[in-house]
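The next block holds one structure in the form of structure tokens; read it before the comments.
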Amino acid sequence: MERAAQQAVPLGQMEVFQALQRLHMTIFSQSVSPCGKFLAAGNNYGQIAIFSLSAALSSEAKEESKKPMVTFQAHDGPVYSMVSTDRHLLSAGDGEVKAWLWAEILKKGCKELWRRQPPYRTSLEVPEINALLLVLKENLLILAGGDCQLHAMDLETGTFMWALRGHTDYIHCLALRERSPEVLSGGEDGAVRLWDLRTAKEVQTIEVYKHEECSRPHNGRWIGCLATDSDWMVCGGGPALTLWHLRSSTPTTVFPMRAPQKHVTFYQDLILSAGQGRCVNQWQLSGELKAQVPGSSPGLLSLSLNQQPAAPECKVLTAAGNSCRVDVFTNLGYRAFSLSF
Amino acid sequence: MVLKPQSPDAGSRTLSGTRPGAVWYSTLLTTRVPSEAQLPDHLHSLPQCNASCFNVHYHPGESSKKRKPKVIRSDGAPAEGKRTRSDTEQEGKYYSEEAEVDLRDPGRDYELYKYTCQELQRLMAEIQDLKSRGGKDAAVEIEDRRIQSCVHFMTLKKLNRLAHIRLKKGRDQTHEAKQKVDAYHLQLQNLLYEVMHLQKEITKCLEFKSKHEEIDLVSLEEFYKEAPPDISKAEVTMGDPHQQTLARLDWELEQRKRLAEKYRECLSNKEKILKEIEVKKEYLSSLQPRLNSIMQASLPVQEYLFMPFDQAHKQYETARHLPPPLYVLFVQATAYGQACDKMLSVAIEGSVDEAKALFKPPEDSQDDESDSDAEEEQTTKRRRPTLGVQLDDKRKEMLKRHPLSVLLDLKCKDDSVLHLTFYYLMNLNIMTVKARVTTATELITPISAGDLLSPDSVLSCLYPGDHGKKTPNPANQYQFDKVGILTLRDYVLDLGHPYLWVQKLGGLHFPKEQPQHTVITDHSLSASHMETTMKLLKTRVQSRLALHKQFASLEHGIVPVTSDCHYLFPAKVVSRLVKWVTIAHEDYTELHFTKDIVEAGLAGDTNLYYMALVERGTAKLQAAVVLNPGYSSIPPIFQLCLNWKGEKTNNNDDNIRAMESEVNVCYKELCGPRPGHQLLTNQLQRLCVLLDVYLETESHDDSVEGPKEFPQEKMCLRLFRGPSRIKPFKYNHPQGFFSHR
């Protein structure tokens with residue numbers, strides 16, 4: 001793509017504008033379709049693009065197959081978060097969550113199935129939704145973002161059941177603790193809070209920035225990313241990326257990464273993290289950096305592991321962030337190619 | 001070896017009946033038995049086992065029926081055959097036993113054989129009897145019996161030979177018969193082959209295709225209706241399809257002959273008409289000069305009478321000497337000026353006499369003349385033998401301009417004038433333009449605005465990509481190769497720029513890929529481009545002048561926000577523009593934070609490049625600006641680098657990236673009143689505001705003692721938003737607070 005653009009020097013008004021738009025594009029969210037063959041990516045202009053992973057990964061993949069099959073305007077503001085249920089793609093950003101049918105999404109002029117707005121108290125600025133979390137057991141969708149609350153929406157009826165208050169600043173991220181149905185939330189206020197879903201109460205608070213091992217005051221307190229596998233939690237952001245033992249709420253490993261991390265996830269016995277900087281970082285639980293795989297964007301915001309059993313051939317890691325490209329890693333060792341808006 | 005074992009079996013094959021007869025004795029006794037010595041050698045070597053085997057068979061107790069198959073199967077059989085053959089050869093010398101065979105009855109022989117065998121059995125039994133009794137006279141008796149049995153043996157031998165001979169005869173006969181059959185068979189085969197061949201010939205004949213079948217004949221009814229009876233011969237051809245076809249072919253030939261005749265007639269007719277046309281043409285062309293002379297003669301009258309079209313007519317008179325592209329431009333520009341734009345004035349400059357010297361009177365078709373003239377001249381010059389300056393001369397000749405040029409003065413609303421002089425390069429067949437801008441009031445030229453109004457760049461990229469440094473006529477490249485001109489770029493300053501739109505105004509259309517395409521001037525092409533081009537030219541001049549003005553203040557660190565754009569910014573802006581300088585394209589590409597723009601192909605060499613520096617306290621924000629010639633429809637592009645607590649660019653700070661996007665992508669809200677020439681100023685002012693917001697909202701590090709360097713003065717709803725933690729860069733006008741986009 002870059003090469004083609006370099007040759008085409010004479011640019012008209014439209015082309016320049018499009019080039020600038022692409023240049024300043026940020027891809028905030030990704031979600032893999034339930035069939036595992038498609039990847040949805042949402043950018044800062046409120047557009048969602050659907051890429052065909054199977055076409056891009058096939059042996060006869062051309063340049064076009066790395067372009068989106070469909071791009072549509074989903075929201076007015078940035079699309080900060082997306083999740084997929086077995087039928088729907090749920091996208092959220094500018095205070096609203098919208099549902100799209102995966103079955104119809106590839107058609108032209110696809111309209112959203114429904115849209116819901118959590119009950120906000122402020123009216124001056126519509127708070128954004130930064131994180132979506134599916135709790136499949138209870139058929140709940142949890143939304144969190146600008147109004148410092150966790151809203152629970154019943155996916156059956158579309159009603160908002162309850163809201164959890166406690167954060168003093170906006171919420172960045174959510175994680176689900178499967179075993180005991182608890183939700184973790186991390187926010188700008190620097191706290192990670194554990195909420196019991198059954199009682200809808202806060203059960204634990206970890207104020208990460210107060211721990212000397214991981215606090216980094218020059219970066220701020222905010223918690224930008226969070227992941228858990230029940231006993232353990234890993235979080236990062238302003239404070240350093242740290243592995244926590246939840247029951248004793250003590251930091252066990254501090255990962256030596258200077259740049260703030262924006263996305264973290266457990267993968268097998270590794271921890272994958274990404275943030276400021278070009279690389280996807282792979283950590284051993286002991287804190288050793290196992291590998292740093294460079295991508296094409298100057299900063300990464302989201303990682304997505306396609307582990308849908310329906311499409312084992314499309315099992316890839318995709319990473320997106322401060323560019324119009326979604327990097328595709330067919331194995332964890334190197335970037336195979338990039339999908340591009 | 002005394003016993004001949006083969007005899008009985010040979011006999012048994014031929015014998016059919018049994019009847020012993022004494023008559024045979026005599027004949028039997030006369031037959032001569034060949035002695036052992038006469039027997040062929042191979043019989044001596046008969047294997048012993050054979051003999052013993054036959055001995056067993058001849059045991060008296062055995063029945064003849066049982067014996068027979070065994071003998072046939074035994075190994076003695078081949079030996080038997082050989083012996084008989086040699087027997088017959090030898091015996092033929094003495095007497096003919098073969099003849100004897102024919103006389104004898106095989107049935108009788110069989111009887112005799114049976115009888116002999118019985119006798120032998122009997123005699124043997126008697127001998128055995130006598131021997132067992134062992135009487136004195138037994139010896140004599142035995143002797144007697146032995147003699148008798150010997151006789152019988154002889155008989156058996158004889159019979160054996162006969163049997164062999166018969167067998168051989170039988171075989172010969174069979175063989176003969178077989179050969180006859182074979183001969184017949186061969187004959188049959190030959191005949192069959194012949195039949196087949198004939199059949200093939202027949203089918204070949206049947207399949208024969210005549211040429212006439214391909215001819216599309218007239219249908220049968222038509223044939224009988226139209227053909228004269230001497231060809232159709234209905235009575236003969238009705239019944240006979242062969243004759244019918246022949247007749248139809250005849251008719252076809254007849255018809256074709258007639259048509260050929262007609263064709264010839266038409267041709268001659270055409271010739272005649274052509275000749276007539278020629279004559280008429282001649283007449284018409286001779287008419288034209290006469291009419292012209294009448295016109296010339298009437299001119300003084302017109303002048304004398306002060307006819308209103310006098311002035312225009314004069315100009316038109318001069319225009320007649322213009323080369324076709326300039327003529328098209330002149331006509332179209334005059335027409336456009338009269339119809340749409342009173343501020344447009346058109347004039348012709350240059351020496352008419354020189355043009356006249358170049359061209360013949362304009363009665364002749366101008367296009368052809370100009371081209372061939374130019375070529376003629378070229379060839380005559382090439383013949384000139386001045387070796388040293390030859391190439392230089394050739395170049396000059398190649399780049400020669402037509403002595404006449406068209407001057408277009410485009411007056412803008414603010415009394416600034418764009419002077420455009422259009423030239424025509426005769427040998428390259430392209431048009432060029434030189435531009436000059438004059439303003440109503442004298443301008444103080446800022447240093448950084450040097451390129452803005454320079455004739456070299458003021459019209460650059462009027463249409464996207466049209467930088468006017470390359471010849472638009474693909475054929476020119478070949479001409480350049482001949483005289484060693486690498487590119488037209490080196491000559492544009494002198495000759496003027498051959499922009500594409502200029503060619504189009506002159507009605508010259510150059511296809512992109514066919515280098516030797518003949519170029520014809522086209523009025524409609526020029527007309528369709530005239531209006532848009534004129535408008536573009538005006539906006540270009542205006543935007544350049546606006547930029548020119550803006551630069552003058554920018555250089556002094558003042559961001560000249562006009563009063564109608566104040567609502568875009570808060571009242572108090574602390575950051576200040578401290579530097580505004582022009583930089584070279586190469587310097588721009590070498591900056592470390594402009595890589596993205598270069599890679600995206602947005603930093604072409606037709607753009608203008610500037611560097612701005614915005615400061616607030618210790619924070620210094622560098623902004624590299626790409627100014628597209630298409631300003632302001634194409635916005636200036638900013639790339640930022642903030643030096644404050646380390647170096648921050650869009651690579652390592654999302655907020656810097658967001659600021660860039662605010663000025664580059666969301667530029668439409670900064671355009672201000674139409675036509676948006678204030679964009680650059682507003683973008684720079686916006687940048688100052690953004691820097692304020694950035695610095696004031698920077699989270700305060702609690703661990704560092706002392707007050708914040710930049711206390712928050714701006715009203716913000718929230719400090720950060722979204723995963724990228726973007727600061728509230730959006731300014732809301734009447735309320736004056738900052739929010740997120």
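Heavy atoms only: backbone and side chains are in, while hydrogens, waters and symmetry mates are out. Naming: A, B, ... by sequence-line order, numbering from 1 per chain.
Between chain A and the residues B:Ser739, B:Gly722, B:Ala658, B:Ser661, the largest count of heavy-atom pairs under 4.5 Å involves B:Gly722. Top candidate by heavy-atom pairs under 4.5 Å with chain B, chosen from A:Tyr80, A:Tyr170, A:Phe17, is A:Tyr170. Of the residues considered (B:Asn651, B:Asn650, B:Asn732), B:Asn651 shows the highest number of contacts with chain A, using heavy-atom pairs under 4.5 Å. Each of B:Glu660, B:Arg725, B:Gln735, B:His740 has some count of heavy-atom pairs under 4.5 Å with chain A, and the biggest count is that of B:Arg725. Per-residue counts of heavy-atom pairs under 4.5 Å with chain B were compared for A:Glu188, A:Gln21, A:Lys262; the largest is that of A:Glu188. Between chain B and the residues A:Ser302, A:Gly146, A:Gly224, the most heavy-atom pairs under 4.5 angstrom are made by A:Gly146.
When atom types are taken as modelled, the side chain of A:Arg221 and the backbone of A:Val208 share no donor-acceptor pair closer than 3.5 angstrom. Side-chain N or O atoms of A:Ser338 include none that pairs as donor or acceptor with a backbone N or O of A:Ser340 at under 3.5 Å. With hydrogens and angles ignored, the 3.5 Å screen pairs no side-chain donor or acceptor of A:Gln47 with any backbone N or O of A:Thr71. In this structure a side-chain-to-backbone donor-acceptor pair under 3.5 Å is present from B:His585 to B:Ala603. Side-chain atoms of B:Gln712 come within 3.5 Å of backbone atoms of B:Lys714 as a donor-acceptor pair (strictly under, hydrogens ignored). Checking side-chain atoms of B:Asn655 against main-chain N and O of B:Lys727 turns up a donor-acceptor pair under 3.5 Å.
Every residue two or more places apart in sequence or in another chain that forms a salt bridge (charged side-chain N to carboxylate O under 4.0 Å, His left out) with A:Glu96 is listed here: A:Arg115. In this view, B:Arg686 and B:Glu662 satisfy the salt bridge (charged side-chain N to carboxylate O under 4.0 Å, His left out) rule, not counting sequence neighbours.
Interface residue A:Tyr45: only side-chain heavy atoms are found under 4.5 Å from chain B. Proximity to chain B is absent for every atom of A:Met14, based on heavy atoms less than 4.5 angstrom apart. Neither the backbone nor the side chain of B:Leu719 comes within contact range of chain A; no heavy atom of the residue lies under 4.5 Å from a heavy atom of that chain. Only the side chain of B:Lys668 comes within contact range of chain A, with heavy atoms under 4.5 Å apart. For A:Glu128, the parts lying near chain B are the backbone and the side chain together; criterion is any non-hydrogen pair under 4.5 Å. Looking at A:Thr26, the atoms closer than 4.5 Å to chain B (heavy atoms on both sides) sit in the backbone and in the side chain alike. Interface remark: A:Leu23 contributes backbone and side-chain atoms alike to the contact with chain B (heavy atom separation under 4.5 Å).
Ring geometry, B:Tyr609 versus B:Tyr588: the interplanar angle falls from 30° to 60°, so the pair is classed tilted.
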